[in-house]
Amino acid sequence: MPIYCNNYDINLYQGQSYFLDLDYTDVNDEVVDLNGATFEARMQVRRSPLVDEKLIAMSSDSYPRGVVGGGNTGYFTGPGFGLIAEENDSPGVLGTGGITLNYNGVTGAFRIEIDAETTSNIPAGRHFYDLDVRNKETGFVDKIITGTFEVLSEVTR
């Protein structure tokens with residue numbers, strides 16, 4: 001059963017390691033077993049929902065190397081994670097972290113992790129993100145959370 005998409009605004013500093021823990025429940029507030037063989041969680045951050053360039057892309061299927069960032073340009077256009085890129089795509093820079101399903105052995109829990117080097121290259125400002133969970137067997141996609149992704153300039157570098 002799908003859950004209803006919630007709004008959650010993320011705030012972080014450039015150069016900060018970031019973690020966010022969430023619980024995935026259905027409409028009856030029952031936890032859902034996020035078995036990695038059946039489910040994949042995906043998240044992207046963009047300057048605007050309307051642009052092609054990504055600031056961050058994450059996947060649970062590639063953890064612990066499941067974060068792709070823009071490197072020193074701040075953004076990338078390629079798909080990341082070894083997928084086939086278009087001719088003019090920039091591939092992005094592989095970071096550490098990603099999304100862990102059934103985090104710490106807890107059914108329905110997941111953790112989003114972004115390493116400090118990846119966050120240091122995100123341009124300061126208000127960006128946008130969403131996170132979904134895809135059932136690999138049925139193809140059903142459930143939007144979990146969406147919101148702004150505000151990055152504040154770091155002072156200590």
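- In terms of the side-chain hydrogen bond (donor to acceptor under 3.5 Å, both in side chains) criterion, N135 has no residue partners (sequence neighbours excluded).
- The distance from the CG atom of D52 to the CZ atom of R46 is 6.5 Å, given to the nearest 0.5 Å.
- Listed by chain and number, the residues in a side-chain hydrogen bond (donor to acceptor under 3.5 Å, both in side chains) with N121 amount to none (sequence neighbours excluded).
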message: Between T96 and R65, does the side chain to side chain contact (heavy atoms under 4.5 Å, CB included) criterion hold? Intermediate values first, please.
response: CA-CA 5 Å; T96 304; R65 301 290 288 173; 3.2 Å; yes

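- For the pair I122 and V45, the minimum side-chain heavy-atom distance is 4.5 Å or more.
- Across every non-hydrogen atom of G147 and D9, the tightest pair is CA-OD1, 3.7 Å.
- When the side-chain hydrogen bond (donor to acceptor under 3.5 Å, both in side chains) test is applied to N11, no partner is found at least two apart in sequence or on another chain.
- The hydrophobic clustering, which links ILVMFWY residues whose side-chain heavy atoms are closer than 4.5 Å, places Y8 and M58 together.
- Remark: the backbone N or O of E30 is not paired with any side-chain donor or acceptor of N28 at under 3.5 angstrom.
- Linking ILVMFWY residues whenever their side-chain heavy atoms come closer than 4.5 Å, directly or via other members, places I112 and V32 in the same cluster.
- Although no hydrogens or angles enter the test, the distance criterion places a donor-acceptor pair under 3.5 Å between the side chain of T146 and the main chain of Y129.
- Atom CD1 of I10 is separated from atom CD1 of I114 by 6.5 Å, given to the nearest 0.5 angstrom.
- At a threshold of 4.5 Å between non-hydrogen side-chain atoms, the residues K54 and V68 do not count as touching.
- A search for salt bridge (Lys or Arg N to Asp or Glu O under 4.0 Å) contacts involving R134 returns E40, not counting sequence neighbours.
- In this structure, the separation between CD on E154 and CD on Q14 is 5.5 Å, given to the nearest 0.5 Å.
- Separating the CG atom in L131 from the CD1 atom in I145 is a distance of 5.0 Å, to the nearest 0.5 Å.
- Put simply, the side chain of T100 does not reach to within 4.5 Å of the side chain of F110, judged on heavy atoms.
- Between F149 and L55 there is no side-chain heavy-atom pair separated by less than 4.5 Å.
- Atom CG of N6 and atom CD1 of I144 lie 8.5 Å apart (nearest 0.5 Å).
- The salt bridge (Lys or Arg N to Asp or Glu O under 4.0 Å) pairs that include a residue from residues 111-127 are D21-R111, R126-E150, where partners are two or more places apart or lie in different chains.
- At a threshold of 4.5 Å between non-hydrogen side-chain atoms, the residues Y103 and L34 do not count as touching.
- At a cut-off of 3.5 Å, with distance as the only test, no side-chain donor of R42 or Q44 sits close to an acceptor on the other residue.
- We find the OG1-CZ distance between T138 and F39 to be 7.5 Å, quoted to the nearest 0.5 Å.
- In this structure, the side chains of V67 and I56 come closer than 4.5 Å at one or more pairs of heavy atoms.
- No donor-acceptor pair closer than 3.5 Å links the side chain of N102 to the backbone N or O of G105.
- For the pair F76 and A57, the tightest heavy-atom approach, listed with the atom from each and the gap, is CZ-CB, 3.8 Å.
- Inter-residue side-chain proximity for F128 and T148 is flagged as met; some heavy-atom pair is nearer than 4.5 Å.
- Counting non-hydrogen atoms of other residues, nucleotides and ligands closer than 6.0 Å to OH of Y18 gives a total above 12.
- When every heavy atom of P123 is checked against every heavy atom of G74, the shortest pair comes out as CD-O, 3.9 Å.
- A search for side-chain hydrogen bond (donor to acceptor under 3.5 Å, both in side chains) contacts involving T38 returns nothing, not counting sequence neighbours.
- For the residue pair D33 and T107, no side-chain donor N or O sits within less than 3.5 Å of a side-chain acceptor on the partner.
- Linking ILVMFWY residues whenever their side-chain heavy atoms come closer than 4.5 Å, directly or via other members, leaves V141 and L22 in distinct clusters.
- In terms of heavy-atom proximity, Y24 sits nearest to D142 at OH-OD2, 2.8 Å.
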